[in-house]
Amino acid sequence: MAAKNVLNLTANKAKEYFLKEENYSNILLPSYFTFQNLLRKIDKKLQNKELKTFFVNNRIPPSSYDNVNYIIYNNKDGCYAWRPLQLLNPIVYVALVNYITQDDIWKLIKNRFKKFQANENILSKAIPVLNLPKRNQKASQISNWWNEVEQLSIEQTLDYSYLFLTDITDCYGSIYTHVITWALHGKEIAKRAVKDKTIKLEGNNIDFLIRQMTCGQTNGIPQGSVLMDFIAEIVLGYADLLLSEKLQANGIDEYKIIRYRDDYRIFVNNTQTGNQIIKFLTEVMIDLGFKLNATKTQKTEDIIEGSLKKDKLYRISHLEDLYKFCPNKGNLQKQIIRIYDFSKKFPNSGSLQSLLTEYNKNLKFTKNDKNIIPVISVAFHIAYNNPRVYPTIAAIIGKSLAYITDFDKRFNIIYKIKNKLQEKPNTEYMEIWLQRIAYNDDYFQSYNSNICNLVINESNHPIWNIDWVSDSLKKIVKNTPIIDYDVLENLDSEIREEEINIFYYDD
């Protein structure tokens, strides 16, 4: 049975869902960061009023300012593929949530999704799901991937002979915001509304609110929240509809497409049909401002192998024995070196994250063990080239440091890591987690990251630009901490499993 998703909710329940802090930001941050109270206070203040009500002098929009969102530049591959993760401006965020969860607008959105999903041969599995029992939001979404994408893909081997794989290049960064209006109302009506200002469309207001966060730009939506994942699904669902219409018009009906966000799996019984579908999908994407990733577009007759990510298949085949024996002095180094070798083959992969999470669970030294620094060195080098695993590597380093009794030695290790990070641009995310393990020993009093300096200064200078907003809302943002100092005061250098393992559940 498929997991329930946000479209199963009423408008009021959808608002509650999007205003949960775990859905406001799906960036994994140390446990002392908290946004729930701020979101609640802003929501109480806005009370479904238009955002324009709160512009300074009712005329200067946030799109006129830089840094409306707080951007943490990260990279996908440890090299030059930069990915801006964003803590959305909470005022604009709450305004957008309030707008789309009005009864009539939420009904419009749900009805459009019914149309997007009318073709049973094209399945979208990326609608944000509701939390599964004993799972948080992120874990629930990943579980949904396993059950509704990988498992369902493997099942298709009984009905189809070929699998075509493709995805969209820089999907979120390429979304043309005006397409949101096309998706909700149809392209012709949206175009007519551009000329006829008496036509008021809800999609244009959603487009407007998103552009308030991005200096008015029409290309790209922010990454880092479940809400933006949902907005992306509105656009990609529209693409599903357009593709369905093209396939129907050309008499193509023997296929199955499983889409997870920008990742397409196309199942067919002959290669000619697969090539035709790729052709029509390419045409749809070009019309919407997207490009398919030519380097990732491929065909295979082995549907089972093609349905599983290569890193997962390799891990199952080669590394199932990694934790067969209890850790000892020799094993700890061998295990981390084997994981390092895996990271070279499959950088920034989900399986790398899984291997490191399990390694951290089993990690145990004796005091001042000579193996500690080599393990830290290898672990940091893995993180240096795999930004996805920063939090877990920070946990491994923090736990290892706890076995070193010499303060100066611990300080020297952290100091070297901090200096090494400065050699690579855009490592703020690692610096945030480095601060988490260094904070208790008060190693450093200055950081390059504004959000790190917020932690050590015990002030609440906003990390978002709010110069455009009314004094009453400024006061709320400035006087509502996003740092829980009670949690901060009780920290030690060891990062608990529940802080970094999204599948952790304490019975």
Side-chain angles (χ1 to χ4, degrees), residues 2 4-20 23-24 43 46-53 88 92-120 122-130 171-172 175-214 218 221-222 225-245 259 261 284 287-289:
K4 288 187 176 181
N5 61 53
V6 68
L7 294 173
N8 296 114
L9 300 177
T10 64
N12 285 337
K13 289 296 183 181
K15 177 179 175 178
E16 290 179 17
Y17 175 87
F18 287 122
L19 288 183
K20 290 180 180 177
N23 295 330
Y24 159 71
D43 179 48
L46 288 181
Q47 294 181 336
N48 291 322
K49 294 178 183 176
E50 286 191 22
L51 182 65
K52 294 177 182 179
T53 305
L88 304 184
V92 187
Y93 178 86
V94 172
L96 180 55
V97 169
N98 282 340
Y99 183 75
I100 70 169
T101 57
Q102 295 177 60
D103 286 335
D104 56 339
I105 299 172
W106 189 243
K107 183 178 179 181
L108 166 68
I109 292 171
K110 291 174 73 170
N111 285 337
R112 287 301 285 176
F113 270 101
K114 286 180 182 177
K115 192 164 186 179
F116 299 159
Q117 299 170 344
N119 183 348
E120 294 180 355
I122 301 180
L123 306 176
S124 168
K125 297 299 181 179
I127 308 296
V129 299
L130 307 186
C171 179
Y172 282 43
I175 289 177
Y176 180 50
T177 60
H178 294 342
V179 174
I180 297 168
T181 308
W182 303 0
L184 291 178
H185 307 282
K187 189 174 181 179
E188 292 304 316
I189 294 175
K191 292 287 188 181
R192 203 181 312 145
V194 174
K195 298 177 181 178
D196 185 351
K197 300 303 180 185
T198 64
I199 300 176
K200 305 298 182 184
L201 300 177
E202 294 85 352
N204 283 336
N205 292 328
I206 296 172
D207 175 10
F208 169 82
L209 287 167
I210 291 173
R211 287 187 288 111
Q212 297 317 298
M213 307 178 189
T214 58
T218 57
I221 65 172
S225 78
V226 173
L227 178 60
M228 288 300 137
D229 293 341
F230 182 67
I231 296 294
E233 275 302 302
I234 293 176
V235 173
L236 294 169
Y238 180 55
D240 292 343
L241 174 62
L242 296 178
L243 176 61
S244 178
E245 291 172 348
R259 179 179 61 77
R261 295 183 184 159
V284 168
D287 286 344
L288 299 181

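Not measured: the values here are computed from a predicted model. When a residue number appears, it is its place in the shown sequence, counting from 1.
Tyr238 is not listed as a side-chain neighbour of Ile234, based on a closest heavy-atom distance of 4.5 Å or more. Tyr17 places none of its side-chain heavy atoms less than 4.5 Å from the side chain of Thr101. Looking only at side-chain heavy atoms (C-beta outward), Leu96 and Ile100 come within less than 4.5 Å of each other. Inter-residue side-chain proximity for Ile231 and Ile175 is flagged as unmet; no heavy-atom pair is nearer than 4.5 Å. Side-chain contact between Leu227 and Val97 is present, with at least one heavy-atom pair separated by less than 4.5 Å. For the pair Ile210/Pro222, a side-chain contact is recorded, criterion being any heavy-atom separation below 4.5 Å from C-beta on. Side-chain contact between Phe18 and Val6 is present, with heavy atoms from C-beta onward closer than 4.5 Å. Residues Arg259 and Glu233 have side chains in contact (heavy-atom distance under 4.5 Å, counting atoms from C-beta outward).
A side-chain donor-acceptor contact under 3.5 Å links Lys110 to the backbone of Leu9. Side chain of Asn23 to main chain of Val226: no donor-acceptor pair is present (N/O by atom type, distance under 3.5 Å, no hydrogens or angles). A donor-acceptor pair under 3.5 Å is formed between the side chain of Tyr24 and the backbone N or O of Leu88. Between the side chain of Asn111 and the backbone N or O of Leu108, no donor-acceptor pair lies under 3.5 Å. Using modelled atom types, one side-chain atom of Arg112 and one backbone atom of Ala183 make a donor-acceptor pair closer than 3.5 Å.
Look at Asp287 and Lys187 and you find no salt bridge, because none of the NZ, NE, NH1 or NH2 atoms lies under 4.0 Å from a carboxylate O. Salt bridge present: Glu16 and Lys13 bring a charged side-chain N and a carboxylate O closer than 4.0 Å.
The two residues Ala95 and Leu46 make their nearest non-hydrogen contact at N-CD1, 3.7 Å. The two atoms that bring Pro128 and Asn5 nearest to each other are O-CB, 3.1 Å, heavy atoms only.
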Next on the checklist: With side chain to side chain contact (heavy atoms under 4.5 Å, CB included) as the criterion, how do Arg192 and Ile189 come out once you've worked through the C-alpha distance, each side chain's angles and the decisive distance to 0.1 Å?
Outcome noted: CA-CA 5 Å; Arg192 203 181 312 145; Ile189 294 175; 4.2 Å; yes

Checklist entry - After noting the C-alpha distance and the side-chain angles of Asp240 and Ser124, does the key distance pass the side chain to side chain contact (heavy atoms under 4.5 Å, CB included) rule? => result CA-CA 8 Å; Asp240 292 343; Ser124 168; 4.1 Å; yes

Next on the checklist: Run the side chain to side chain contact (heavy atoms under 4.5 Å, CB included) test on His178 and Val194 for me, step by step, so that the C-alpha distance in whole Å, both residues' side-chain angles and the decisive distance to 0.1 Å come before the verdict.
Outcome noted: CA-CA 11 Å; His178 294 342; Val194 174; over 6 Å; no

Item to check | Working for side chain to side chain contact (heavy atoms under 4.5 Å, CB included), residues His185 and Ile199 | outcome: CA-CA 11 Å; His185 307 282; Ile199 300 176; over 6 Å; no

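In this pair, Trp106 and Phe230 present their aromatic rings tilted. The plane angle is within the 30 to 60° band.
Atoms OG1 and CG, from Thr10 and Asp103 in turn, are 8.0 Å apart once rounded to the nearest 0.5 Å. Note that CG of Asp207 and OH of Tyr176 are 8.5 Å apart. Values are rounded to the nearest 0.5 Å. Distance CE/Met213 to OH/Tyr93: 8.5 Å, rounded to 0.5 Å. Between the CG atom of Leu243 and the CD1 atom of Ile122 there is a distance of 4.5 Å, given to the nearest 0.5 Å. Atom NZ of residue Lys107 and atom CD of residue Gln102 lie 14.5 Å apart, to the nearest 0.5 angstrom. Interatomic distance, CG of Leu209 versus NZ of Lys52, reported as 9.0 Å (0.5 Å rounding).
For the side-chain contact (heavy atoms from CB on, under 4.5 Å) criterion with Ile180, the lone passing option out of Asn204, Asn205, Val235, Leu201 is Val235.
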